[in-house]
Amino acid sequence: MVSPELIYELHQLSAADKLRVVQLLVNELAVSDVKSMFPNQSYEIWSHYDPAGTALKLQQMLEDN
């Protein structure tokens, strides 16, 4: 149950902060739902790069951020 104090605090947030709260909750739900629906599963990810090229591209993206 959500406390009245929490609801009051949420109402006081700016629009940007409210959006961050929504994003956080949606991400949390997505992660927990996927884990509970498909436990211990792995999925193949397709890439038009070869394995070495994919690793290089991923490393570049991580360094850029």
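Computed from a predicted model, the values in this text were never measured in an experiment.
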- Item | Single-linkage hydrophobic cluster, 4.5 Å side-chain cutoff, Val2 and Leu13 together | yes
Between Leu25 and Leu19, is there a shared hydrophobic cluster once you connect ILVMFWY residues whose side-chain heavy atoms come closer than 4.5 Å? no
Report the distance from atom [atom1] of [X] to atom [atom2] of [Y], rounding to the nearest 0.5 Å.
{"X": "Leu62", "Y": "Gln59", "atom1": "CG", "atom2": "CD", "result": "6.0 Å"}
{"X": "Glu9", "Y": "Leu6", "atom1": "CD", "atom2": "CG", "result": "8.0 Å"}
{"X": "Glu63", "Y": "Leu58", "atom1": "CD", "atom2": "CG", "result": "10.0 Å"}

Correct closest heavy-atom pair for Lys18 and His11 would be NZ-O, 3.6 Å
message = As a quick check of understanding, evaluate side chain to side chain contact (heavy atoms under 4.5 Å, CB included) for Val21 and Leu24, giving each step before the final call.
response = CA-CA 5 Å; Val21 169; Leu24 174 114; 5.6 Å; no
